[in-house]
*Asks:* 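One structure is given below, represented as structure tokens, and several questions about it will come after.
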Amino acid sequence: MVQGVGFRPYVYNLARRHGLAGFVLNSPRGVFIEVEGRPETVDAFLAALPAQAPPLVRIARIDTAEIRVLGETAFAIRESDARGSAFALVPPDICACDPCLADTADPANRRYDYPFTNCTNCGPRYSIILDVPYDRPMTTMAEFPMCADCRREYENPENRRFHAQPNACPVCGPRLILKTPGESASSASGTREILERVADRLLDGGIVAWKGLGGYQLACDARRPSVVEELRRRKHRSEKPFAIMVAHADVAASLCFLSDEERAILTSRERPIVLLRRHPGADLAEALSPGNPATGVMLPCTPMHDLLFRILRERCAADAALVMTSGNVSEEPIVIDNEEAEEHLAGIADCFAHHNRRIHTRVDDSVVRVVAGHTMLLRRARGYAPMPVWLGRGEAEVLACGAQQKNTLCLTRAGFAIPSQHLGDLENFETLRFFEETLERMRRLFHVTPAAVAHDLHPGYLSTQFALQKTGLRPIGVQHHHAHIASCMAEHQLDGRVIGVAWDGTGLGADGTIWGGEFLAADLAGFDRCARLRPILLAGGDAGVREPWRVARSYLLDTFGAIPATAITRNMAPAERVRIIDTMLTRRVNTIPTSSAGRLFDAVASLIGLRHSVSFEGQAAMMLEAAADASSSLPADPYEFAIAGADPAEIDLRPMIRQIVADGERRSPQAEIAARFHATLVAAIAAVCRRMRDQLNLNRVCLSGGCFQNARLLAGCLDTLRSDGFEVFSHTQVPANDGGIALGQAAIACELLRKEG
Ligand SMILES: [Zn+2]
Ligand SMILES: [Zn+2]
């Protein structure tokens, strides 16, 4: 990644420091440098080149060749070379750097209060780039010709804004536009005036839609319950947590527990939303994340956000906490156009802070969590996409369409896999359109002509239907959990076979049943299903996902042979519904077997009375994890379980269910049961891995699937397996959830095509 990240001026200054002549230019395949000088100086230059590169630069490879001496004396930065088949990696959008923020805070600086300030080291990239090579005419900044002052900076290799493509100032650059419904024209025009109006509106309890880096965000006061509840009502979002933005890390630390690692990622240039555990009694509205002790927190990522917080500080609200959530209706993609915003968010926002720089590519905020000292991506978007993953499995160009939930797609080119940003659940027309739009843009941006399309086996996924019906490409079907394991292998560049533990909510198995608690002996070419969770029946198909009590009753039936009538099993749901589901389960009508681990979490959450129905998938599991964190007795004792059979072997958790029911009747604390439940899963996973090691002589374990977003499960497995001598791999570059599926599909397809030659 050498374009748009200050690499050429770096090379220019480095060459001049070494007294070398020659030139540097952006080419469709990266950067081309020609230097001329004494051999030892050229060697020194070459050694320093990667070592001292600017922070955003990523160098995959340096190829060198000797050429004839030309007798040149000067070093120059030349025009981009647009010939040939273009391919260059594109940088993600980066938060404003400190020197740029200092410019906007200095009354003597010409960029004082200017919200679109940026430089070579910071600012928008992926969201505004139309094509490569990355030059101003290829961005949405093309419509803003630079003024004389900006151009001087842009042309001076010693200036921080040398070839900063989005370079702008108040004279020539984009500007803010305030719109209030009902008002035909905005009365406020200056930047400061507009942001003061926005700040006042927020302090008054209003809801503001404003145009961020990769899309609109909805903001309101996160400390006022009535305001947050009103946003929930208008956004039709019942319980999914809202993220907040605060001015700096110390404010975050006053509201939430903040470890050193969490502080580092919070203040990183990617500026993601970081999931943090709130201090008890933190002054935040309960409605931010109902029933969930964690809140997503982020810091300002553009000068515009920074400026808003500066104005809030001037209004004695230095510790303001603002809800900062995606500007969309319920599950639709984030809104990016001014008109689109006014249309879609009309019923939600009280006023709109637009600006006139177009966002070319929608990029939502990223969400991360720190587990066992490392960063785990839950949603990979702004700041991360479109960072590539090096596959190194031939040059095949493929498209991978991902799964259904938390969909991403992935393209490969020149040995790289390029996963898209988070696209959303492919359940509605708008998200499918976003998928198609992103595919078209990425194909253009990275100049990819796919030879094949990889897809999930589930025929009902819109991504599968798209792959099979719309692309006309050779289809390569990939089993869901195999793709999970392959994505983890691809991240860590693992070759050969591994023990793959793929635990998630739902994925179609090779046998037509629903899998989700799988142990695979896998490489990129294929897999054996060595073990699984003992399957239970899911009554009424997918509807069961919203009603954990159904799965609870299925586990009870499997464990006891009949569903016992106890204090626990009463009042799970209305009697009539319960009767219908019980009949379906006992008669095996309209049921499907599943080994899903996600459903197991649901069942246990319902059995201990934590949650009988949910408003989004994974909610019950989240609450179960939170409940376990409240337990005091550490380490928790695992419950009993058995491992039986072969091909595949089964983890039989009926002994655990018996004990949980007994504990429930004895009124043991939920926290205690939840902690012991997690400990049981860790023990069971470790036991199966040991068995597979003994039988197959494999010692590397890949942990993947949405269940490994559960910090307690992941940390427990890492710990136990490592102390058992296993080499353990988990996700750090793409999500463990279905957001990582496309990368796995791409790796598998590339391997297949490479083998075919
Ligand atoms: Zn900067
Ligand atoms: Zn200017």
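Residues: numbered from 1 along the sequence shown. First listed ligand is number 1; within each ligand, the first listed atom is number 1.
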*Asks:* Which protein N, O or S atoms sit under 2.8 Å from the Zn ion (ligand 2)?
*Replies:* Cys147 SG, Cys150 SG, Cys169 SG, Cys172 SG

*Asks:* Could you pull out all residues at least two apart from Arg8 that satisfy side-chain hydrogen bond (donor to acceptor under 3.5 Å, both in side chains)?
*Replies:* His163

*Asks:* Does the Glu262 side chain pair with the main chain of Val370, one donor and one acceptor, at a distance under 3.5 Å?
*Replies:* no

*Asks:* Parallel, tilted or perpendicular, judged at 30° and 60°: which one describes the rings of His354 and Phe352?
*Replies:* parallel

*Asks:* Within 45° of the six-membered ring axis of Phe116 and under 6.0 Å from that ring's centre, is NZ or CZ of Arg357 located there?
*Replies:* no

*Asks:* Indicate yes or no: does Arg192 engage Glu314 in a salt bridge with an N to O separation below 4.0 Å.
*Replies:* yes

*Asks:* Do the side chain of Gln421 and the main chain of Arg362 share a donor and acceptor less than 3.5 angstrom apart?
*Replies:* yes

*Asks:* Counting no waters, how many protein N/O/S atoms sit under 2.8 Å from the Zn ion (ligand 1)?
*Replies:* 4

*Asks:* Can you tell me which residue pairs pass the salt bridge (Lys or Arg N to Asp or Glu O under 4.0 Å) test with a partner in residues 365-388, sequence neighbours excluded?
*Replies:* Asp364-Arg379, Asp365-Arg382, Arg369-Glu625

*Asks:* Is the shortest side-chain N to carboxylate O distance from Arg263 to Asp250 below 4.0 Å?
*Replies:* yes

*Asks:* Do Arg16 and Phe75 form a cation-pi contact, if we require the NZ or CZ to be under 6.0 Å from the six-membered ring centre and within 45 degrees of the ring's axis?
*Replies:* no

